[in-house]
Amino acid sequence: MQAPDCQMVIMGASGDLTKRLLLPAICNLGASDLLPKTFSLIGVARTDYSNKAFDEYLEKNLNEFVKDSEAKKFGKVLFKNAHFVQGDLNDPKTYKKLKSELDPKRNHLFYMAVPPQFFLPIIQQLGKAGLVKEDEHSGPFRRVVIEKPFGSDLDSAKKLNRDISEILREDQIFRIDHYLGKETVQNLLAFRFANGIFEPIWNRNFVDHIQITVAESLGVEKRGNYYETAGALKDMVPNHICQLLSYIAMEPPFSLNADAVRDEKSKLLRSVQCLRPEDVLRYTVRGQYEGYRGSPDVSPNSNVETFVAMRIMIDNWRWAGVPFYIRTGKKLPVRNTEIAIQFKTPPSMMFTGTKATNLSPNLLLVHVQPEEGISLRFGAKVPGPVVKLGDVNMTFKYKDYFGSRPGTGYETLLYDCMMGDSTLFQRADMVESGWRVVQPVLDVWRALKPRQFPNYESGSWGPGETNQLLESEGRKWRNIPS
Ligand code: BG6
(Lines give C-alpha, C1' and ligand atoms only; values in the text may rest on other atoms or scores of the structure.)
Protein backbone atom coordinates (compact mmCIF):
# COMPACT_ATOMS: atom_id res chain seq x y z
CA MET A 1 0.00 0.00 0.00
CA GLN A 2 1.36 3.40 -0.96
CA ALA A 3 1.96 5.98 1.74
CA PRO A 4 -0.25 9.07 1.55
CA ASP A 5 0.89 12.17 -0.27
CA CYS A 6 3.64 14.01 1.61
CA GLN A 7 6.14 16.84 1.40
CA MET A 8 9.18 15.65 3.30
CA VAL A 9 11.47 18.29 4.77
CA ILE A 10 14.97 17.24 5.76
CA MET A 11 16.52 19.63 8.27
CA GLY A 12 20.27 19.16 7.88
CA ALA A 13 20.01 18.08 4.26
CA SER A 14 23.71 18.40 3.49
CA GLY A 15 24.84 16.03 6.25
CA ASP A 16 26.06 12.46 6.33
CA LEU A 17 22.85 10.85 7.54
CA THR A 18 20.93 12.36 4.64
CA LYS A 19 23.23 11.16 1.92
CA ARG A 20 24.13 7.75 3.32
CA LEU A 21 20.80 6.60 4.70
CA LEU A 22 17.80 8.84 4.12
CA LEU A 23 18.14 9.42 0.39
CA PRO A 24 18.85 5.74 -0.42
CA ALA A 25 15.92 4.70 1.79
CA ILE A 26 13.57 7.11 0.00
CA CYS A 27 14.74 5.80 -3.37
CA ASN A 28 14.28 2.17 -2.28
CA LEU A 29 10.77 2.96 -1.07
CA GLY A 30 10.00 4.63 -4.37
CA ALA A 31 11.33 1.66 -6.32
CA SER A 32 9.06 -0.65 -4.31
CA ASP A 33 6.11 1.54 -5.25
CA LEU A 34 5.47 2.48 -1.63
CA LEU A 35 5.64 6.24 -2.16
CA PRO A 36 2.89 8.24 -3.83
CA LYS A 37 3.64 9.78 -7.22
CA THR A 38 3.23 13.21 -5.62
CA PHE A 39 5.88 12.67 -2.91
CA SER A 40 8.33 15.59 -2.85
CA LEU A 41 11.45 16.61 -1.03
CA ILE A 42 12.68 19.87 0.46
CA GLY A 43 16.15 20.17 1.94
CA VAL A 44 17.04 22.76 4.58
CA ALA A 45 20.66 23.49 5.56
CA ARG A 46 23.16 26.25 6.11
CA THR A 47 25.22 25.28 3.07
CA ASP A 48 24.82 27.80 0.29
CA TYR A 49 23.16 25.77 -2.48
CA SER A 50 20.88 27.00 -5.22
CA ASN A 51 18.03 24.64 -6.12
CA LYS A 52 20.12 23.48 -9.06
CA ALA A 53 23.27 22.93 -6.97
CA PHE A 54 21.18 20.97 -4.46
CA ASP A 55 19.78 18.76 -7.22
CA GLU A 56 23.34 18.13 -8.41
CA TYR A 57 24.44 17.28 -4.90
CA LEU A 58 21.58 14.79 -4.60
CA GLU A 59 22.39 13.29 -7.97
CA LYS A 60 26.05 12.81 -7.01
CA ASN A 61 25.05 10.97 -3.84
CA LEU A 62 22.52 8.96 -5.76
CA ASN A 63 25.32 7.55 -7.87
CA GLU A 64 27.48 6.87 -4.85
CA PHE A 65 25.02 5.44 -2.32
CA VAL A 66 22.08 3.98 -4.24
CA LYS A 67 22.87 0.61 -5.71
CA ASP A 68 19.60 -0.69 -7.12
CA SER A 69 18.86 0.47 -10.68
CA GLU A 70 15.10 0.92 -10.13
CA ALA A 71 15.82 2.98 -7.01
CA LYS A 72 18.27 5.10 -9.00
CA LYS A 73 15.65 5.72 -11.66
CA PHE A 74 13.14 6.83 -9.03
CA GLY A 75 15.73 9.07 -7.34
CA LYS A 76 16.66 10.81 -10.60
CA VAL A 77 13.11 12.03 -11.14
CA LEU A 78 12.48 12.87 -7.48
CA PHE A 79 15.70 14.79 -7.01
CA LYS A 80 15.18 16.87 -10.18
CA ASN A 81 12.15 18.41 -8.52
CA ALA A 82 13.61 18.74 -5.05
CA HIS A 83 13.76 22.18 -3.48
CA PHE A 84 16.34 23.69 -1.20
CA VAL A 85 16.00 26.28 1.54
CA GLN A 86 19.25 27.84 2.63
CA GLY A 87 19.48 29.38 6.06
CA ASP A 88 20.59 29.29 9.65
CA LEU A 89 18.48 26.77 11.56
CA ASN A 90 18.13 29.21 14.46
CA ASP A 91 16.96 32.08 12.30
CA PRO A 92 13.20 32.72 11.96
CA LYS A 93 13.79 33.93 8.38
CA THR A 94 14.73 30.38 7.36
CA TYR A 95 11.31 29.18 8.47
CA LYS A 96 9.59 31.99 6.57
CA LYS A 97 11.33 30.80 3.43
CA LEU A 98 10.44 27.22 4.24
CA LYS A 99 6.81 28.16 4.73
CA SER A 100 6.66 29.59 1.23
CA GLU A 101 7.79 26.20 -0.15
CA LEU A 102 5.17 24.24 1.75
CA ASP A 103 1.66 23.67 0.49
CA PRO A 104 -0.61 23.96 3.58
CA LYS A 105 -3.08 21.49 2.10
CA ARG A 106 -0.50 18.68 1.94
CA ASN A 107 0.95 16.43 4.65
CA HIS A 108 4.33 17.49 6.02
CA LEU A 109 7.03 15.31 7.53
CA PHE A 110 9.96 17.14 9.14
CA TYR A 111 13.08 15.02 9.63
CA MET A 112 15.70 16.23 12.13
CA ALA A 113 18.93 15.03 10.51
CA VAL A 114 20.91 17.44 12.67
CA PRO A 115 23.10 17.28 15.79
CA PRO A 116 21.02 16.93 18.99
CA GLN A 117 21.53 20.52 20.20
CA PHE A 118 19.36 21.62 17.25
CA PHE A 119 16.35 19.38 17.95
CA LEU A 120 14.56 21.71 20.33
CA PRO A 121 15.46 25.06 18.69
CA ILE A 122 14.23 23.77 15.30
CA ILE A 123 11.00 22.43 16.73
CA GLN A 124 10.44 25.73 18.54
CA GLN A 125 11.00 27.64 15.30
CA LEU A 126 8.66 25.30 13.42
CA GLY A 127 6.11 25.94 16.14
CA LYS A 128 6.52 29.72 16.01
CA ALA A 129 6.18 29.71 12.23
CA GLY A 130 2.93 27.76 12.57
CA LEU A 131 4.34 24.85 10.56
CA VAL A 132 3.47 22.01 12.91
CA LYS A 133 -0.02 23.01 13.94
CA GLU A 134 -2.29 20.10 13.23
CA ASP A 135 -5.95 19.49 13.65
CA GLU A 136 -6.14 16.32 15.74
CA HIS A 137 -9.16 14.93 13.97
CA SER A 138 -8.95 15.93 10.33
CA GLY A 139 -6.75 17.75 7.85
CA PRO A 140 -3.20 17.07 6.74
CA PHE A 141 -0.65 15.67 9.18
CA ARG A 142 2.37 17.49 10.60
CA ARG A 143 4.92 14.99 11.96
CA VAL A 144 8.44 15.37 13.26
CA VAL A 145 11.10 12.66 13.23
CA ILE A 146 13.80 13.02 15.87
CA GLU A 147 17.09 11.15 15.67
CA LYS A 148 19.12 9.92 18.62
CA PRO A 149 20.63 10.82 21.05
CA PHE A 150 17.46 12.01 22.76
CA GLY A 151 18.93 13.80 25.76
CA SER A 152 22.25 13.02 27.37
CA ASP A 153 20.96 11.60 30.65
CA LEU A 154 17.66 11.04 32.42
CA ASP A 155 17.10 14.66 33.45
CA SER A 156 17.91 16.13 30.06
CA ALA A 157 15.71 13.55 28.29
CA LYS A 158 12.82 14.43 30.61
CA LYS A 159 13.33 18.12 29.99
CA LEU A 160 13.49 17.63 26.22
CA ASN A 161 10.28 15.60 26.34
CA ARG A 162 8.61 18.33 28.38
CA ASP A 163 9.78 21.16 26.14
CA ILE A 164 8.77 19.40 22.94
CA SER A 165 5.38 18.48 24.35
CA GLU A 166 4.61 22.22 24.58
CA ILE A 167 4.73 22.33 20.80
CA LEU A 168 3.81 18.86 19.54
CA ARG A 169 1.36 16.18 20.62
CA GLU A 170 2.94 12.81 21.38
CA ASP A 171 1.43 11.24 18.25
CA GLN A 172 3.16 13.85 16.07
CA ILE A 173 6.59 12.85 17.43
CA PHE A 174 8.55 9.95 15.92
CA ARG A 175 11.70 9.29 17.97
CA ILE A 176 13.91 7.05 15.88
CA ASP A 177 16.06 4.19 17.04
CA HIS A 178 17.46 2.73 13.85
CA TYR A 179 17.77 -0.73 15.48
CA LEU A 180 14.01 -0.97 15.18
CA GLY A 181 14.37 -0.70 11.41
CA LYS A 182 16.33 -3.95 11.34
CA GLU A 183 14.31 -6.92 10.10
CA THR A 184 15.71 -9.33 12.69
CA VAL A 185 14.76 -7.03 15.53
CA GLN A 186 11.21 -6.76 14.22
CA ASN A 187 11.21 -10.50 13.71
CA LEU A 188 11.75 -11.07 17.43
CA LEU A 189 8.10 -10.35 17.98
CA ALA A 190 7.03 -12.83 15.28
CA PHE A 191 9.54 -15.43 16.44
CA ARG A 192 8.40 -15.30 20.04
CA PHE A 193 4.68 -14.90 19.60
CA ALA A 194 3.83 -16.47 16.24
CA ASN A 195 5.28 -19.82 17.36
CA GLY A 196 3.73 -21.91 20.06
CA ILE A 197 6.85 -23.80 21.09
CA PHE A 198 9.01 -21.02 22.50
CA GLU A 199 6.73 -19.14 24.87
CA PRO A 200 6.37 -21.96 27.45
CA ILE A 201 10.16 -22.15 27.91
CA TRP A 202 10.83 -18.41 27.71
CA ASN A 203 11.27 -17.80 31.41
CA ARG A 204 13.37 -18.35 34.52
CA ASN A 205 12.39 -22.02 34.76
CA PHE A 206 14.21 -22.87 31.55
CA VAL A 207 16.57 -20.01 30.70
CA ASP A 208 19.90 -19.86 32.53
CA HIS A 209 20.97 -16.47 31.21
CA ILE A 210 20.96 -14.24 28.14
CA GLN A 211 23.89 -12.53 26.44
CA ILE A 212 23.46 -9.52 24.19
CA THR A 213 26.52 -8.58 22.16
CA VAL A 214 26.75 -5.53 19.92
CA ALA A 215 30.32 -5.61 18.66
CA GLU A 216 31.87 -3.24 16.16
CA SER A 217 35.25 -3.71 14.53
CA LEU A 218 35.60 -0.05 13.56
CA GLY A 219 36.81 2.64 15.94
CA VAL A 220 35.27 6.08 16.37
CA GLU A 221 36.70 7.16 13.00
CA LYS A 222 35.75 10.81 12.36
CA ARG A 223 33.07 11.02 15.06
CA GLY A 224 35.41 11.99 17.88
CA ASN A 225 33.59 15.25 18.50
CA TYR A 226 30.30 13.54 19.21
CA TYR A 227 31.78 10.47 20.86
CA GLU A 228 33.69 12.53 23.42
CA THR A 229 30.33 13.74 24.71
CA ALA A 230 28.80 10.27 24.67
CA GLY A 231 30.92 7.15 25.15
CA ALA A 232 29.81 3.55 24.61
CA LEU A 233 27.29 3.48 27.45
CA LYS A 234 25.20 6.47 26.35
CA ASP A 235 25.73 5.78 22.67
CA MET A 236 24.42 2.22 22.68
CA VAL A 237 22.76 1.09 25.90
CA PRO A 238 19.72 3.28 26.73
CA ASN A 239 18.64 3.05 23.11
CA HIS A 240 19.73 0.14 20.88
CA ILE A 241 20.50 -2.39 23.61
CA CYS A 242 17.41 -1.51 25.64
CA GLN A 243 15.37 -2.06 22.49
CA LEU A 244 16.87 -5.51 21.98
CA LEU A 245 16.38 -6.25 25.66
CA SER A 246 12.75 -5.21 25.65
CA TYR A 247 11.85 -7.27 22.59
CA ILE A 248 13.53 -10.36 23.95
CA ALA A 249 12.08 -10.07 27.45
CA MET A 250 8.72 -8.29 27.18
CA GLU A 251 5.36 -9.91 27.90
CA PRO A 252 3.09 -10.68 24.93
CA PRO A 253 1.17 -7.55 23.92
CA PHE A 254 -2.59 -8.01 23.57
CA SER A 255 -2.41 -6.76 19.95
CA LEU A 256 0.05 -5.36 17.44
CA ASN A 257 -1.38 -1.92 17.96
CA ALA A 258 1.42 0.63 18.51
CA ASP A 259 0.53 1.43 22.10
CA ALA A 260 -0.12 -2.19 23.06
CA VAL A 261 3.42 -3.11 21.95
CA ARG A 262 5.01 -0.01 23.43
CA ASP A 263 3.20 -0.45 26.75
CA GLU A 264 4.76 -3.89 27.15
CA LYS A 265 8.22 -2.70 26.17
CA SER A 266 7.96 0.19 28.53
CA LYS A 267 6.77 -2.05 31.36
CA LEU A 268 9.74 -4.33 30.82
CA LEU A 269 12.25 -1.48 30.94
CA ARG A 270 10.63 -0.17 34.09
CA SER A 271 11.20 -3.53 35.75
CA VAL A 272 14.95 -3.46 35.19
CA GLN A 273 16.59 -3.52 38.61
CA CYS A 274 18.10 -0.19 39.55
CA LEU A 275 21.81 -0.66 40.28
CA ARG A 276 23.06 0.53 43.64
CA PRO A 277 26.50 2.26 43.57
CA GLU A 278 28.19 -0.88 44.92
CA ASP A 279 26.49 -2.93 42.19
CA VAL A 280 27.84 -0.56 39.58
CA LEU A 281 31.36 -1.33 40.76
CA ARG A 282 30.69 -5.04 40.74
CA TYR A 283 28.52 -5.53 37.69
CA THR A 284 29.80 -3.09 35.12
CA VAL A 285 33.06 -2.93 33.17
CA ARG A 286 34.27 -0.04 31.08
CA GLY A 287 37.12 0.04 28.61
CA GLN A 288 38.91 2.23 26.14
CA TYR A 289 40.84 0.82 23.19
CA GLU A 290 44.48 1.63 22.64
CA GLY A 291 44.71 4.39 20.08
CA TYR A 292 41.36 6.02 20.84
CA ARG A 293 43.11 9.04 22.37
CA GLY A 294 44.95 9.65 19.10
CA SER A 295 41.74 9.81 17.02
CA PRO A 296 40.68 13.12 15.44
CA ASP A 297 38.88 15.49 17.85
CA VAL A 298 39.59 13.25 20.85
CA SER A 299 41.36 14.59 23.92
CA PRO A 300 44.81 13.02 24.51
CA ASN A 301 43.71 12.38 28.13
CA SER A 302 40.21 11.28 27.33
CA ASN A 303 38.42 9.16 29.92
CA VAL A 304 35.57 8.32 27.60
CA GLU A 305 34.78 4.62 27.39
CA THR A 306 34.61 2.85 24.04
CA PHE A 307 33.51 -0.45 25.59
CA VAL A 308 30.97 -1.40 28.21
CA ALA A 309 29.82 -4.67 29.67
CA MET A 310 27.23 -5.01 32.39
CA ARG A 311 24.85 -7.35 34.10
CA ILE A 312 21.20 -6.44 34.08
CA MET A 313 18.55 -8.11 36.25
CA ILE A 314 14.86 -7.84 35.64
CA ASP A 315 12.54 -7.74 38.61
CA ASN A 316 9.47 -9.48 37.31
CA TRP A 317 7.84 -12.88 37.62
CA ARG A 318 9.18 -14.20 34.32
CA TRP A 319 12.83 -13.22 34.68
CA ALA A 320 13.59 -13.00 38.42
CA GLY A 321 17.10 -14.35 38.96
CA VAL A 322 18.04 -14.62 35.25
CA PRO A 323 21.04 -12.43 34.40
CA PHE A 324 21.14 -10.52 31.13
CA TYR A 325 24.78 -9.83 30.26
CA ILE A 326 25.39 -7.14 27.70
CA ARG A 327 28.60 -6.03 26.01
CA THR A 328 29.23 -3.47 23.33
CA GLY A 329 32.29 -1.70 22.07
CA LYS A 330 34.39 -0.39 19.27
CA LYS A 331 37.53 -1.99 17.83
CA LEU A 332 36.43 -5.47 18.82
CA PRO A 333 37.48 -8.47 16.70
CA VAL A 334 34.39 -8.55 14.56
CA ARG A 335 31.21 -6.67 13.62
CA ASN A 336 28.48 -8.78 15.10
CA THR A 337 25.20 -8.19 16.87
CA GLU A 338 23.54 -11.19 18.43
CA ILE A 339 21.36 -12.32 21.28
CA ALA A 340 22.26 -15.66 22.84
CA ILE A 341 19.65 -17.36 25.00
CA GLN A 342 21.28 -20.09 27.01
CA PHE A 343 18.98 -22.69 28.50
CA LYS A 344 19.64 -24.64 31.67
CA THR A 345 21.84 -27.70 31.43
CA PRO A 346 19.88 -30.94 31.70
CA PRO A 347 20.76 -33.43 34.49
CA SER A 348 23.46 -35.68 33.10
CA MET A 349 23.45 -38.79 35.37
CA MET A 350 22.27 -41.15 32.69
CA PHE A 351 25.45 -40.41 30.73
CA THR A 352 27.75 -41.03 33.69
CA GLY A 353 30.33 -43.62 32.76
CA THR A 354 30.12 -42.81 29.05
CA LYS A 355 32.29 -40.53 26.93
CA ALA A 356 29.47 -38.00 26.97
CA THR A 357 30.61 -36.08 29.98
CA ASN A 358 30.28 -32.44 28.94
CA LEU A 359 26.69 -31.81 28.09
CA SER A 360 26.31 -28.40 26.47
CA PRO A 361 23.22 -26.45 27.32
CA ASN A 362 20.86 -25.63 24.46
CA LEU A 363 21.59 -22.27 22.95
CA LEU A 364 19.24 -20.22 20.84
CA LEU A 365 21.04 -17.57 18.84
CA VAL A 366 19.39 -14.62 17.23
CA HIS A 367 21.83 -13.17 14.69
CA VAL A 368 20.92 -9.55 14.14
CA GLN A 369 23.84 -8.57 11.91
CA PRO A 370 25.75 -8.84 9.68
CA GLU A 371 24.13 -12.16 8.81
CA GLU A 372 20.46 -12.18 9.77
CA GLY A 373 19.08 -15.44 11.09
CA ILE A 374 18.38 -17.75 13.99
CA SER A 375 20.09 -20.95 15.07
CA LEU A 376 19.50 -23.53 17.76
CA ARG A 377 22.26 -25.64 19.26
CA PHE A 378 21.40 -29.05 20.62
CA GLY A 379 23.22 -32.21 21.55
CA ALA A 380 23.16 -35.33 19.35
CA LYS A 381 24.76 -38.73 19.51
CA VAL A 382 27.90 -39.00 17.43
CA PRO A 383 27.44 -42.08 15.17
CA GLY A 384 29.41 -45.15 16.33
CA PRO A 385 29.38 -47.90 18.93
CA VAL A 386 30.64 -45.67 21.76
CA VAL A 387 28.16 -43.24 23.39
CA LYS A 388 29.52 -39.79 22.60
CA LEU A 389 27.64 -36.54 22.22
CA GLY A 390 28.31 -33.69 19.83
CA ASP A 391 26.81 -30.21 19.41
CA VAL A 392 24.84 -29.60 16.27
CA ASN A 393 23.26 -26.41 15.00
CA MET A 394 19.96 -25.99 13.28
CA THR A 395 20.31 -22.77 11.33
CA PHE A 396 17.90 -20.49 9.54
CA LYS A 397 19.34 -17.69 7.43
CA TYR A 398 17.05 -14.96 6.26
CA LYS A 399 18.60 -14.67 2.85
CA ASP A 400 18.17 -18.40 2.11
CA TYR A 401 14.42 -18.20 2.65
CA PHE A 402 13.45 -14.69 1.79
CA GLY A 403 16.32 -13.47 -0.40
CA SER A 404 18.04 -10.22 0.38
CA ARG A 405 16.61 -6.85 -0.56
CA PRO A 406 18.63 -3.68 -0.84
CA GLY A 407 17.91 -1.64 2.24
CA THR A 408 19.37 0.75 4.75
CA GLY A 409 17.03 -0.14 7.60
CA TYR A 410 15.41 3.30 7.30
CA GLU A 411 12.84 2.24 4.67
CA THR A 412 10.34 0.75 7.12
CA LEU A 413 10.84 3.59 9.56
CA LEU A 414 10.20 6.33 6.98
CA TYR A 415 7.25 4.46 5.55
CA ASP A 416 5.73 3.98 9.01
CA CYS A 417 6.06 7.71 9.77
CA MET A 418 4.11 8.53 6.64
CA MET A 419 1.52 5.90 7.48
CA GLY A 420 1.27 7.22 11.04
CA ASP A 421 2.26 3.90 12.61
CA SER A 422 4.42 4.58 15.66
CA THR A 423 4.96 0.97 16.77
CA LEU A 424 8.66 1.13 15.89
CA PHE A 425 9.25 4.50 17.49
CA GLN A 426 10.12 5.42 21.01
CA ARG A 427 7.43 6.97 23.14
CA ALA A 428 8.46 9.63 25.68
CA ASP A 429 8.21 7.22 28.63
CA MET A 430 10.32 4.58 26.83
CA VAL A 431 13.19 6.97 26.20
CA GLU A 432 13.12 7.90 29.86
CA SER A 433 13.02 4.25 30.95
CA GLY A 434 16.10 3.57 28.82
CA TRP A 435 17.97 6.39 30.53
CA ARG A 436 16.79 5.16 33.93
CA VAL A 437 18.59 1.85 33.26
CA VAL A 438 21.97 3.54 32.79
CA GLN A 439 21.65 6.58 35.06
CA PRO A 440 23.15 4.90 38.18
CA VAL A 441 26.13 3.81 36.09
CA LEU A 442 26.59 7.29 34.67
CA ASP A 443 26.51 8.74 38.19
CA VAL A 444 29.14 6.39 39.59
CA TRP A 445 31.39 6.61 36.54
CA ARG A 446 31.19 10.40 36.59
CA ALA A 447 32.28 10.42 40.23
CA LEU A 448 35.01 7.79 39.89
CA LYS A 449 37.28 8.30 36.93
CA PRO A 450 38.68 5.12 35.35
CA ARG A 451 41.96 4.07 36.91
CA GLN A 452 43.65 2.84 33.81
CA PHE A 453 42.66 3.88 30.32
CA PRO A 454 43.35 2.69 27.64
CA ASN A 455 42.82 -0.85 28.88
CA TYR A 456 42.16 -3.04 25.88
CA GLU A 457 43.91 -3.76 22.63
CA SER A 458 42.25 -3.12 19.31
CA GLY A 459 40.91 -6.40 18.04
CA SER A 460 40.37 -7.91 21.50
CA TRP A 461 37.11 -8.54 23.36
CA GLY A 462 37.57 -5.65 25.78
CA PRO A 463 39.34 -5.43 29.14
CA GLY A 464 40.09 -8.56 31.18
CA GLU A 465 37.43 -7.86 33.83
CA THR A 466 34.80 -8.50 31.16
CA ASN A 467 35.42 -12.22 31.51
CA GLN A 468 35.36 -12.05 35.30
CA LEU A 469 31.90 -10.52 35.17
CA LEU A 470 30.59 -13.89 34.01
CA GLU A 471 33.21 -16.23 35.42
CA SER A 472 32.50 -15.04 38.95
CA GLU A 473 28.99 -16.44 38.41
CA GLY A 474 30.17 -19.70 36.83
CA ARG A 475 29.43 -18.63 33.24
CA LYS A 476 31.34 -17.68 30.13
CA TRP A 477 30.87 -15.28 27.24
CA ARG A 478 30.00 -17.01 24.03
CA ASN A 479 33.02 -17.38 21.82
CA ILE A 480 32.04 -15.45 18.72
CA PRO A 481 34.10 -16.48 15.71
CA SER A 482 35.86 -13.62 13.94
C1 BG6 B 1 24.78 4.48 16.28
C2 BG6 B 1 25.94 4.85 17.17
O3 BG6 B 1 23.57 4.85 16.89
O4 BG6 B 1 24.80 3.08 16.06
C5 BG6 B 1 27.23 4.43 16.51
O6 BG6 B 1 25.94 6.25 17.38
C7 BG6 B 1 27.21 2.96 16.18
O8 BG6 B 1 28.35 4.71 17.37
C9 BG6 B 1 25.95 2.62 15.38
O10 BG6 B 1 28.36 2.68 15.40
C11 BG6 B 1 25.81 1.12 15.21
O12 BG6 B 1 24.78 0.88 14.29
P13 BG6 B 1 24.79 -0.45 13.42
O14 BG6 B 1 23.50 -0.41 12.69
O15 BG6 B 1 26.00 -0.36 12.52
O16 BG6 B 1 24.90 -1.58 14.39
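Bear in mind that the values here come from a model prediction, so they are computed numbers and not experimental data. If you read the sequence from its start, that first residue is 1, and numbering goes on from there. Counting starts at 1 for both ligands and their atoms, following the listed order.
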Evaluate salt bridge (charged side-chain N to carboxylate O under 4.0 Å, His left out) for Lys148 paired with Asp235, printing each intermediate quantity in order.
CA-CA 9 Å; Lys148 77 170 259 278; Asp235 190 38; 3.0 Å; yes

Can you classify the ring geometry of Phe54 versus Tyr57 as parallel (below 30°), tilted (30 to 60°) or perpendicular (above 60°)?
parallel

Judged by modelled atom types alone, do Tyr325 and Glu473 share a side-chain donor-acceptor pair under 3.5 Å?
yes

Flag, side chain of Arg46 to backbone of Leu89, donor-acceptor distance under 3.5 Å
no

Atom indices of ligand 1, in the order listed, that fall short of 4.0 Å to a heavy atom of Lys330
5 (C), 7 (C), 8 (O), 10 (O)

Min N/O separation Asp235 to ligand 1 under 3.5 Å
yes

Under 6.0 Å between ring centres: does that hold for Tyr398 and Phe396?
yes

Does ligand 1 have an atom that lies less than 4.0 angstrom from a heavy atom of Thr337?
no

Tell me the nearest of Glu147, Gln369, Glu216 to atom 10 (O) of ligand 1, using heavy-atom distances.
Glu216

Salt-bridged, Glu170 to Arg427, with N to O below 4.0 Å?
no

If you scan protein heavy atoms around atom 14 (O) of ligand 1, the nearest is Lys182 NZ, 2.7 Å

Pick from Arg223, Met236, His178: the one approaching atom 5 (C) of ligand 1 most closely through a non-hydrogen atom
Arg223

A student comparing His240, Arg335, Lys148 should find that the heavy atom closest to atom 15 (O) of ligand 1 comes from Arg335

